[in-house]
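Because the structure is predicted, anything quoted here is derived from the model rather than measured. Computed over heavy atoms, backbone and side chain alike; hydrogens, waters and symmetry mates excluded. Positions are given from 1 along the sequence.
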Amino acid sequence: MPDRLIAETPFVRRARRSNRRVRLFCFPHAGAGASAFAAWPDLFPAEVEIVAVQLPGREDRVGEPHPASVDVAVRMVAVALRPYLQGPYAFFGHSGGALLAFELARALRKRGTQPGHLFLSGQSAPGHDVAAPQLHRLPDDDFSAALRSLDGTSDGVFTDPELMKLLLPTLRADFTLWENHRHRPDQPLSIPVTALGGDTDPRAPVSGLRAWEEQTTGAFSVEVFPGGHFYLNDSEAELAAVLGSTLLGREPAYSGHGGRNR
């Protein structure tokens with residue numbers, strides 16, 4: 001049985017693998033923490049070591065202040081992950097976590113290192129975002145209703161007033177972080193990028209996924225799964241098969257609707 005995710009530093013939850021060939025750093029969606037990837041060590045080949053990133057203000061770090069901006073978050077994570085960026089590594093992020101993974105990859109490039117692969121899930125490329133209301137500005141009831149419509153959280157959470165009172169500040173802080181973020185154009189990355197999403201996701205349609213090709217001169221592909229913004233909740237094993245086979249250079253175990261580009 002593979003090791004579970006164990007806290008090693010405030011930022012890192014790692015499932016150690018003695019025979020690892022690559023580390024996959026995982027960045028959760030807005031409001032979520034490292035536990036979003038709790039099942040992943042069991043789904044990946046033994047050569048892939050899962051490292052889940054735990055940002056301040058989430059789960060066991062709920063008492064810590066949230067990053068004031070995306071730039072602050074990127075700097076914090078870049079420093080925290082430095083001891084782990086040895087040997088081959090890759091990034092996976094979903095929704096806001098995808099943007100964090102992308103901005104972190106750009107920041108690390110300036111420091112002389114880059115992930116070997118970037119997996120960007122449930123997020124349109126910069127400049128191709130779907131016009132949507134600023135959720136973080138909504139009153140609590142409307143904000144909760146908007147989150148519920150994304151279908152990524154158990155209905156039981158929304159019917160528990162005490163739990164919602166605890167979670168709303170983190171959720172609102174995360175949406176504030178990403179909805180206020182403004183992309184700064186830069187030279188494209190030179191690493192392979194895979195964009196992933198659900199075929200009925202209104203927040204990240206396939207056209208928005210394909211637009212990530214503009215952000216790299218490396219190999220690019222798109223993988224589309226059945227489902228909406230949180231397609232990965234129902235396709236976790238299939239998603240892990242795609243990521244694992246890509247990281248280890250094996251034949252893909254899943255062929256989605258999106259097709260592969262160059």
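- The residue from R14, R17, R16 that alone fulfils the side chain to side chain donor-acceptor pair (under 3.5 Å) condition with E49 is R14.
- In this view, E47 and R250 satisfy the side-chain hydrogen bond (donor to acceptor under 3.5 Å, both in side chains) rule, not counting sequence neighbours.
- L104 places none of its side-chain heavy atoms less than 4.5 Å from the side chain of F25.
- Two residues are said to be in side-chain contact when any heavy atoms from C-beta on lie closer than 4.5 Å; P56 and P65 fail this criterion.
- A distance of 7.0 Å separates CD in E223 from OG1 in T246, rounded to the nearest 0.5 Å.
- At least one side-chain heavy atom of L100 sits under 4.5 Å from a side-chain heavy atom of L55.
- Taking hydrophobic clusters as Ile, Leu, Val, Met, Phe, Trp and Tyr residues chained together by side-chain heavy-atom distances below 4.5 Å, L108 shares a cluster with V72.
- Between the S190 side chain and the T217 main chain, no donor and acceptor come within less than 3.5 Å of each other.
- A donor-acceptor pair is defined here as one N or O able to donate and one able to accept, closer than 3.5 Å; such a pair exists between the side chain of S245 and the backbone of V242.
- Side chains of L243 and L24 form a contact here, defined as non-hydrogen atoms less than 4.5 Å apart.
- Note that the CZ atom of F27 and the CG atom of L99 stand 12.0 Å from one another [nearest 0.5 Å].
- By the 4.5 Å heavy-atom criterion applied to side chains, Q215 and V193 are not counted as neighbours.
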Only distances under 3.5 Å count here; give the side-chain donor-acceptor pairs of residues 112-123 to other protein atoms, sequence neighbours excluded, each with its distance to 0.1 Å.
{"residue": "T113", "atom": "OG1", "partner": "Y89", "partner atom": "OH", "Å": "2.8"}
{"residue": "H117", "atom": "NE2", "partner": "T194", "partner atom": "OG1", "Å": "2.8"}
{"residue": "S121", "atom": "OG", "partner": "H94", "partner atom": "ND1", "Å": "2.8"}
{"residue": "S121", "atom": "OG", "partner": "Y231", "partner atom": "OH", "Å": "2.7"}
{"residue": "Q123", "atom": "NE2", "partner": "D129", "partner atom": "OD1", "Å": "3.4"}

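- Rounding to the nearest 0.5 angstrom, the gap separating the CZ atom in R106 from the CG atom in D186 is 5.0 Å.
- The shortest side-chain heavy-atom distance between F92 and L247 does not fall under the 4.5 Å cut-off.
- A 4.5 Å side-chain heavy-atom check between M76 and F11 finds at least one atom pair inside the cut-off.
- Applying the side-chain hydrogen bond (donor to acceptor under 3.5 Å, both in side chains) definition to pairs two or more places apart or across chains, those involving residues 70-81 are D71-R184.
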Report the C-alpha distance between H229 and S95 in whole Å, list the side-chain angles of each, state the deciding distance to 0.1 Å, and finish with yes or no for side chain to side chain contact (heavy atoms under 4.5 Å, CB included). CA-CA 8 Å; H229 190 60; S95 197; 3.0 Å; yes

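- Hydrophobic clustering (ILVMFWY, side-chain heavy atoms < 4.5 Å, transitive): L248 and W40 are in one cluster.
- The shortest distance between side-chain heavy atoms of P126 and W212 falls below 4.5 Å.
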